[in-house]
Amino acid sequence: MQMQMLYDTRSVHPLDRYDYYQAASATELAPVAVDGRAPGRLLAVMSTARIGDLELEHVTWSANAQLVTRRTQRFIQARDPQCYRVFLCASGVMIGEQEGRPVPLRATDMALFDLSSPCDSTHGIEPTRMRAVMLSIPRSQVPVPRVAVRSLTSTRVPRALPGRSLIAQFLLGLDPALPAPDPALADVLRESVTGLIRAWLGLPSGISPRTRQTLWIAHLSNLIRRRLGDPGLNVEQLARAAHLSRRSLHLLFRDSGLTPMRLVKQLRLRECHRSLLDPAMADTPIKDLITAHGYLRPDQFARDFKQHFGISASQVRARHTR
């Protein structure tokens with residue numbers, strides 16, 4: 001499963017980008033209308049992926065004029081996913097507004113919105129490029145009364161809330177150029193978002209230690225994927241990238257059946273397997289594929305691959321290209 005490009009204004013002529021963006025915005029999970037004068041420069045990119053029954057969206061936006069996207073009642077009636085959306089700003093500035101509450105969001109700020117209610121988003125002007133990650137979860141999967149959640153929408157999620165930092169780290173660590181997270185993470189993300197909402201309302205969080213561990217390992221997997229091509233990747237570098245001590249890093253894996261370096265090997269093998277199945281890489285020598293994912297010794301790779309998948313890399317490629 002990989003992120004799929006929903007729209008990218010760089011794919012059309014600069015004079016057509018505003019019209020293209022207006023039309024493309026109506027195809028989003030929660031369609032919106034775009035208001036404002038056509039900017040001279042516009043960058044709008046959105047990629048999406050499904051994680052179980054959750055929707056993950058990455059957006060990058062930049063323009064030399066202010067634009068407002070509006071989710072009106074008409075758009076809600078046309079398509080209502082009946083979801084809550086966790087909006088995490090990675091960079092730049094965006095002002096969201098729902099229930100009459102405007103909320104300016106800057107780097108690492110997080111807010112919650114109800115996609116079944118009207119809302120506006122005002123995007124800033126260059127030179128700041130806005131990047132955001134959005135995670136939408138069906139309201140039916142959040143066992144908290146909607147009337148209670150309504151008081152939280154369009155306000156910043158307090159940074160001190162249990163689980164908030166971990167969810168933010170995981171979402172910020174996602175790279176739309178890499179495969180989307182494992183669908184098995186859907187339950188973990190659902191529990192984490194529900195626990196965040198419950199904690200925000202002063203209720204028991206409900207985020208189990210096992211869920212925290214799984215989300216941490218998923219976050220570490222994101223960090224590792226960004227560095228798979230480095231054959232020297234080690235525990236020290238991974239701990240530093242995660243802002244953890246070596247001891248804390250090892251404690252995260254306790255009772256998981258993994259170690260940090262075993263996870264690195266596992267991810268390298270999975271990415272090599274994925275590359276072997278990629279038609280675009282059918283003519284790339286296997287030795288080049290494995291080197292790109294951090295393996296320096298073909299003999300070690302051959303042993304690890306056969307042990308993990310029960311079949312050789314050349315057999316995988318041969319079966320797939322028949």
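Bear in mind that the values here come from a model prediction, so they are computed numbers and not experimental data. Note: hydrogens, waters and symmetry copies are ignored here, and every other heavy atom, side chains too, is used.
Using modelled atom types, one side-chain atom of Q22 and one backbone atom of V34 make a donor-acceptor pair closer than 3.5 Å. S256 places a side-chain N or O within 3.5 Å of a backbone atom of F253 that can act as its donor or acceptor partner. Side chain of Q98 to main chain of S117: a donor-acceptor pair is present (N/O by atom type, distance under 3.5 Å, no hydrogens or angles).
Side chain to side chain, Q315 and R319 fail the donor-acceptor criterion of an N or O pair below 3.5 Å. Remark: the T259 side chain and the H250 side chain contain no N/O donor-acceptor pair separated by less than 3.5 Å. Residues R212 and S192 bring no donor and acceptor atom of their side chains to less than 3.5 Å of each other. At a cut-off of 3.5 Å, with distance as the only test, no side-chain donor of R240 or Q237 sits close to an acceptor on the other residue. For the residue pair S245 / S248, a side-chain donor-acceptor distance below 3.5 Å is found, with atom types taken as modelled. No side-chain N or O of D114 forms a donor-acceptor pair with one of T153 less than 3.5 Å apart. If you check the side chains of T211 and E191, you find a donor sitting under 3.5 Å from an acceptor. Side-chain atoms of S116 and R139 form a donor-acceptor pair, as typed in the model, at a separation below 3.5 Å. Side-chain N/O atoms of Q77 and R74 include no donor and acceptor closer than 3.5 Å.
Note: F87 and F113 have perpendicular aromatic rings, judged against thresholds of 30 and 60 degrees for the angle between ring planes. Using the six-membered ring where Trp is involved, Y295 and F301 have ring planes that are perpendicular, over 60° apart on the 30 and 60° scheme.
The OG atom of S221 sits 7.5 Å away from the CZ atom of R270 when rounded to the nearest 0.5 Å.
The side-chain hydrogen bond (donor to acceptor under 3.5 Å, both in side chains) search around Y20 returns none, not counting sequence neighbours.
For R146, the CZ atom is densely surrounded, since the number of other residues' heavy atoms within 6.0 Å is greater than 12. Annotation: R131, atom CZ; neighbour count of heavy atoms from other residues, nucleotides and ligands within 6.0 Å does not exceed 12.
Ion pairing between a basic and an acidic side chain is recognised when a charged N comes within 4.0 Å of a carboxylate O; R85 and E57 show such pairing. A salt bridge does not link R268 to D304: none of the charged nitrogens lies less than 4.0 Å from a carboxylate oxygen.
Nearest heavy-atom pair, R106 versus V93, reported as atom, atom and distance to 0.1 Å: CG-CG2, 3.9 Å.
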